Amino acid sequence: MPLITKSDAQKSVSNMRDYEATYKGFTWEAAKSEFVHMPSGGMNIAYSAVDAQVEKFSRGKKTALRWCSKSGEQSDFSYAKLFEQTNRFANGLARLGIGKGDGFFALMPRQPELYIGMLGALKRQCVFSPLFSAFGPEPIKARMDLGCCKVLLTTAHLYKRKIVTIKESLKDLRCVIIADELDQSLVGIPGVVSFRDVIEHSDADYITRSTDPEDNALLHFTSGTTGLPKGAIHVHGAVLSHYVTGRFALDLKEEDVFWCTADPGWVTGTSYGIISPLTNGVTMIVDEGEFDAERWYEILDKQKVTVWYTAPTAIRMMMKMGEDLVKQFDTSSLKLIASVGEPLNPEAIRWGLKAFGLPIHDNWWQTETGGIMIANFPSMDIKPGSMGKPLPGVTATILKNKNADYVEAEIDEEGELALKVPWPSMFRGYLGQEERYKKCFTSGGWYLSGDLARKDSDNYFWFIGRADDVIKSAGHLIGPFEVESALIEHEAIAEAAVIGKPDPMLMEVVKAYVTLNDGYLDSENLRREIMGFARKKLGPAVAPREIEVKDSLPRTRSGKIMRRLLKARELGLPEGDISTLEIDPTVAKVKNYD
């Protein structure tokens, strides 16, 4: 697809009119000196997102959050109301004995209590960790234990469905705050309180404590190929990246109505569904409902959304429904559409031009980077299929491992995408995994992303694929080990291996290969039972969509299952080097290591 060029008129209204000049002259130190700090000189995410908007910028009467319920009702929260409610929540946490460094987790749908709870907890200097509400009990327990969760904010429904069975085994949990009404079955349970009581019995005056920029603020879990989920630690100073990238990559201005469709259970929904829009003083839309193309178009129309940040999976689903549906709504308020989660194909960009009259701007970042690192900027010509160019303040390159050392790749040569450290939103560690964290960096001061990419002669970056086998499904990162561990708890399963199978809508779906214990025979009913078991344990977003029963699974001589080989066979690709595979020549099949 040919280059999509931007007119001088389009560039002139952008926050960053000249990319090259801005990139050359930008420094994080200069940006920090202009950013509004706490009176004490510290940095606190909630102070920048709420307190400063009221006290420094006089935006108290402006709508900060507009909530659209599933039923179609609408509730507005001004910056002043958000200020008052988060103050009350912070005071309520103080009464509960919760303070600096304590783990505050949220297992919530997109409801106002989630946003108030998060910001109030950050004022109290807790470490906030969001959980995706579609997770099953086992993934929830693993993350709460790793993050030393002391307080959980959730709903009565989610508490009964997912927390009751694991509550007694949660070693650090002291309090559960129920966001909606307490029914009779929950009244009087030790450690269970209502959100309303926390708010109504707390004072509206709260002074956000002096917070060092390096104090821990956010804990985002991301799955690895082996072992437990990785807890990426982010600090309050990351707010500077959230603010700057919102201005440059998303072109946020005070008058904008901004809608990020990502769930706050994932890093995008926190960084760009809460922090970035509020620190930039815009009105943000929060939709409680799940994806529905007609509903989404109605929100774009009715709310006069100007900046829309969504995911490729949703775009592909809308593409499938055609352009005629879009044309039934007025989306002329839109000035920018951006996408993140997985590479955006050129066809989607072409469709954006047809459906909305706007190209869709792809960008790239990770849980570990904390914020957008590479983007197709509003003032920059787009090469469809490209990730774009690095943010001002971000130095990116392609590295190749040569003779046990890293060297920069040539133009258009494939290698690992790397970023020069530091930057404000860079993660500060993997919780309890110091050695694993160290392996993410080279001795030359580069962060290794694990993503394969190339850079062209115009400094545009192009995504190629993951260097490991983490599964990307509908924008979610799924670790095979976590799924496999749940599967083998089923009485019929002896062992399991999980891969990502390409899917035209979701990018990948989870496929599981299993071997059966003696006494069990493969059948359609058994496979359905296993999938139901997995959905209950892991949640529908993580559980396998397909089960294949095998006599044995390929393993290395050290006993490690070779997922790579399974995926190659599934896709009909070359199997590569299988010299490390342990084969029993007498039966011509792989040995089991029981």
Side-chain angles (χ1 to χ4, degrees), residues 6 10-37 43 45-50 52-53 56-59 62 64-65 79 213 234 236-260 262 267-285 305-310 334-340 358 360-365 369-380 382 387-396 423-426:
K6 301 295 183 68
Q10 289 174 310
K11 295 178 181 179
S12 68
V13 296
S14 171
N15 284 327
M16 182 171 58
R17 300 178 184 180
D18 185 325
Y19 171 80
E20 299 299 338
T22 304
Y23 187 88
K24 184 177 180 180
F26 181 90
T27 67
W28 287 114
E29 281 303 313
K32 185 177 180 181
S33 67
E34 298 170 4
F35 191 70
V36 175
H37 305 295
M43 296 178 78
I45 291 172
Y47 177 87
S48 298
V50 182
Q53 304 306 315
K56 304 292 185 182
F57 299 114
S58 302
R59 292 172 177 151
K62 180 178 178 166
L65 185 157
Y79 277 95
H234 292 277
H236 278 278
V239 69
L240 182 60
S241 284
H242 299 143
Y243 169 75
V244 168
T245 55
R247 282 182 52 79
F248 287 160
L250 301 177
D251 204 37
L252 294 179
K253 300 181 178 69
E254 183 179 1
E255 64 270 18
D256 280 321
V257 177
F258 173 72
W259 184 23
C260 173
V267 66
T268 300
T270 302
S271 295
Y272 295 97
I274 305 176
I275 302 170
S276 184
L278 292 178
T279 55
N280 277 283
V282 308
T283 294
M284 67 183 196
I285 303 298
V305 174
T306 58
V307 180
W308 184 27
Y309 197 27
T310 190
L334 281 171
K335 69 171 189 180
L336 178 70
I337 307 172
S339 168
V340 74
L358 295 170
I360 301 172
H361 295 70
D362 200 7
N363 56 64
W364 174 90
W365 58 292
T369 71
I372 300 169
M373 297 285 105
I374 298 174
N376 287 277
F377 301 96
S379 61
M380 190 177 79
I382 295 175
M387 301 155 68
K389 294 184 179 184
L391 266 288
V394 173
T395 302
W423 62 92
S425 62
M426 183 183 83

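Residue indices begin at 1 and follow the sequence shown. Here the structure is a predicted model, which is why all the values come from computation and not from measurement.
- N280 and R247 get closest at one heavy-atom pair: OD1-CG, 2.9 Å.
- Of all non-hydrogen atoms in V13 and K253, the two that sit nearest each other are O-NZ, 2.8 Å.
- In terms of heavy-atom proximity, Y47 sits nearest to K56 at OH-CE, 3.3 Å.
- Closest heavy-atom contact between V36 and A52: CG1-CB, 3.9 Å.
- Remark: A375 pairs with A249, N363, I372, F377, L391 by the side-chain contact (heavy atoms from CB on, under 4.5 Å) rule, at least two apart or across chains.
- Judged as a side-chain hydrogen bond (donor to acceptor under 3.5 Å, both in side chains), and not counting sequence neighbours, S339 has no contacts.
- With Y23 contributing its side chain and V394 its backbone, the two residues share a donor-acceptor pair below 3.5 Å.
- Closest heavy-atom contact between R59 and Y79: O-CB, 3.3 Å.
- K32 and M43 get closest at one heavy-atom pair: CE-SD, 4.0 Å.
- To the nearest 0.5 Å, atoms CG (D362) and CD1 (I360) are separated by 9.5 Å.
- In this structure, I337 CD1 and L358 CG are separated by 5.0 Å, a value rounded to the nearest 0.5 Å.
- Using cut-offs of 30° and 60° for the angle between ring planes, the F258 and Y309 rings count as tilted.
- Qualifying side-chain contact (heavy atoms from CB on, under 4.5 Å) partners for T279, counting only residues two or more places apart in sequence or in other chains: S48, A49, V239, Y243, I275.
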